[in-house]
2 protein chains.
Amino acid sequence: MRMAELSRESGVPVATIKFYLREGLLPPGERTSPNQARYSQAHVRRLRLIRAMLDVGGLSLAQVTRVLAAVDSDELGQHDIFGVAQETVTQPGLDPDDDSESANAARERVRKLIADHGWLVPLDSPVVGALAKVVATIAELEPVLLEQIDDRADLIGRIADLDVSLLDGKSLEQQVEIVVAGTVLGDALMSAMRRVAQIDRSARRFGYSGDKASKHR
Amino acid sequence: MRMAELSRESGVPVATIKFYLREGLLPPGERTSPNQARYSQAHVRRLRLIRAMLDVGGLSLAQVTRVLAAVDSDELGQHDIFGVAQETVTQPGLDPDDDSESANAARERVRKLIADHGWLVPLDSPVVGALAKVVATIAELEPVLLEQIDDRADLIGRIADLDVSLLDGKSLEQQVEIVVAGTVLGDALMSAMRRVAQIDRSARRFGYSGDKASKHR
DNA sequence: CGTATTAGATAGCTACGCTATCCATAAGTC
DNA sequence: GACTTATGGATAGCGTAGCTATCTAATACG
């Protein structure tokens, strides 16, 4: 497959593909002569993955770069797969040097949450720091949201069960792909479904009107 | 409170506050003379809300602007609250003119999902379109993720129950604030908790090692 | 009265994610 | 083999987002 076809297949403009090649997001094609190359189905798939992470997952190019680098390096152990995918996606959490009252309160709340649920997670991991930051933000803005955090954690735990069960009987290579997609696109899927479900619950509680008139103009 | 103090209280630089004022994100202060103004605690809170939506929620300035406009307009009915918050946050979904096989398959899958769960949601609403887009993307990239979508939908539905139950006994004004924060920050909270829970489940399944040595370098 | 702030206007800046142009070589076409 | 088209690679530029900096005239404060 040559450049034009790769572009057509993937829906990504040629100039953009060249840009991704320069940035190392897309591996170079197989050389057929000093300055010609041939691309494969793997390139199409890689392009689709890039676009999915950018458009649907909402990642930055830099994050996509890191995720792909992790995918390509094959020195991952079973247990690290999630960590690697997550750490490249997780945004900076609570500053560890932040010793303010609210920061400590948030950290404590998260510590207790993890302990209460018996979660086996190092407290100094980036994901925990990120969670602490979210909790701190919510605590000072709309603390009611934290009232049922334990119930939420139970449900989320069961979602995580589903996530992990997906890996059953898969090769390590497949697992990497599933975890990456599951981490990035999984967030989008959960958010999108939650919104739909909220509309349903809200309609049941406050009354459903199928016509547009009731919608905000 | 004058500008300098507002800046100190909120942690937002003066230049940035002025920028937000220009953009209409922050309402003008109360005039004390033709070119002086005084700010209140409400301004501090508003600033914190803006920063939370930008930094934690990951919204764009334009989205924040729309959310705030909706918050400020008080012509919302009970049932519309979710819709308004969501529609300003929900990114463009599947193009309705897209008649490709994959797009139709995704739409059908979503339609069935909604029907199976008895959700009361207009199929042409933006949130459903957004969900269809996510489903379409996952379907062509990592379709295994869709295998347990019904189980996920059940759990998400129960999360939505929690979301809606938060509004019990709250004034309409409070409800608006809760829904806005719950929509934007709630996504961040769920994602962060899910990552932590995934680490736990993964550790249980594949073995936990508390030391850093097992982590990706 | 003098120094420090302020509101408001305008201009500039950095990062991101492309997009466009150029050129020399190679491929496809007759 | 001549000729048109496509390609790889390099370099430059562009549009948007989200601030940041500077300036000015008016006000506040001690």
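Chain A is the first sequence line, chain B the second, and so forth, proteins listed ahead of strands; every chain is numbered from 1.
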- Message: Output the rounded distance in Å from CG (A:L6) to C1' (D:dG8).
- Response: 13 Å
- Sugar-phosphate means primed atoms, P, OP1 and OP2; the rest is base. With that split, encode nucleotides 21-30 of chain D 5' to 3' as B, S or - using protein heavy atoms under 4.0 Å. -----SSSS-
- Look only at the side chain of B:R201 and the backbone of A:G157, and say whether a donor-acceptor pair between them is shorter than 3.5 Å. yes
- Message: Assess the residue pair B:S165 and A:Q148 against the criterion (side chain to side chain donor-acceptor pair (under 3.5 Å)); give the C-alpha distance rounded to whole Å, side-chain angles, the decisive distance to 0.1 Å, and a yes or no.
- Response: CA-CA 10 Å; B:S165 75; A:Q148 344 132 308; 3.2 Å; yes
- Note on the structure: Contacts of A:E5 and B:P13 projected onto DNA chain D by closest heavy atom; the upstream (5') one is A:E5
- Query: To the nearest Å, how far apart are B:L21 CG and C:dA9 C1'?
  - Reply: 13 Å
- Task: Please determine, for the side chain of A:A4, which listed nucleotide (D:dT7, C:dT6, C:dG17) has the closest atom?
- Result: D:dT7
- Task: May I have the distance from A:Q63 (atom CD) to C:dA15 (atom P), rounded to whole angstrom?
- Result: 17 Å
- Message: If I take atom CG in residue B:L25 and atom C1' in nucleotide D:dC19, what distance separates them, rounded to the nearest angstrom?
- Response: 12 Å
- Message: Could you walk me through whether A:I149 and B:M193 satisfy the side chain to side chain contact (heavy atoms under 4.5 Å, CB included) test, starting with their C-alpha distance in whole Å, then the side-chain angles of each, then the deciding distance to 0.1 Å, before giving a yes or no?
- Response: CA-CA 10 Å; A:I149 196 168; B:M193 283 203 294; 4.0 Å; yes
- Do A:Q63 side-chain atoms and A:V89 backbone N/O form a donor-acceptor pair below 3.5 Å? yes
- Message: What is the separation between atom CE on A:M1 and atom P on D:dG8, rounded to the nearest whole Å?
- Response: 12 Å
- Task: State whether the side chain of A:S7 and the backbone N or O of A:V12 hold a donor-acceptor pair below 3.5 Å, judged by distance alone.
- Result: yes
- Query: Should we count NZ of B:K112 as having more than 12 external heavy atoms under 6.0 Å?
  - Reply: no
- Message: If I take atom CZ in residue A:R31 and atom C1' in nucleotide D:dT7, what distance separates them, rounded to the nearest angstrom?
- Response: 11 Å
- Message: Please confirm whether the shortest side-chain N or O distance from A:T16 to OP1 or OP2 of C:dG17 is below 4.0 Å.
- Response: no
- Message: If we ignore hydrogens and angles and just use 3.5 Å, is the side chain of A:R46 paired with the main-chain N or O of A:L25 as donor and acceptor?
- Response: yes
- Message: Could you check whether atom CD of A:E173 has more than 12 heavy atoms from other residues, nucleotides or ligands sitting under 6.0 Å from it?
- Response: no
- Query: Quick one: does A:R45's side chain have a donor or acceptor within less than 3.5 Å of a partner on B:L141's backbone?
  - Reply: yes
- With a non-hydrogen cut-off below 4.0 angstrom, is A:R38 in contact with a base, only sugar-phosphate, or nothing? nothing
- Query: Between residues 41-56 of chain B and DNA chain D, which residues have a heavy-atom gap below 4.0 Å?
  - Reply: B:R51, B:L54
- Note on the structure: To the nearest angstrom, the OH-P distance between B:Y20 and C:dA7 comes to 17 Å
- Item | Listed nucleotide nearest any side-chain atom of B:Y39, set C:dA7, C:dG17, D:dG8 | C:dA7
- Euclidean distance, atom CD of residue B:E23 to atom C1' of D:dT20 [Å, nearest integer]: 14 Å
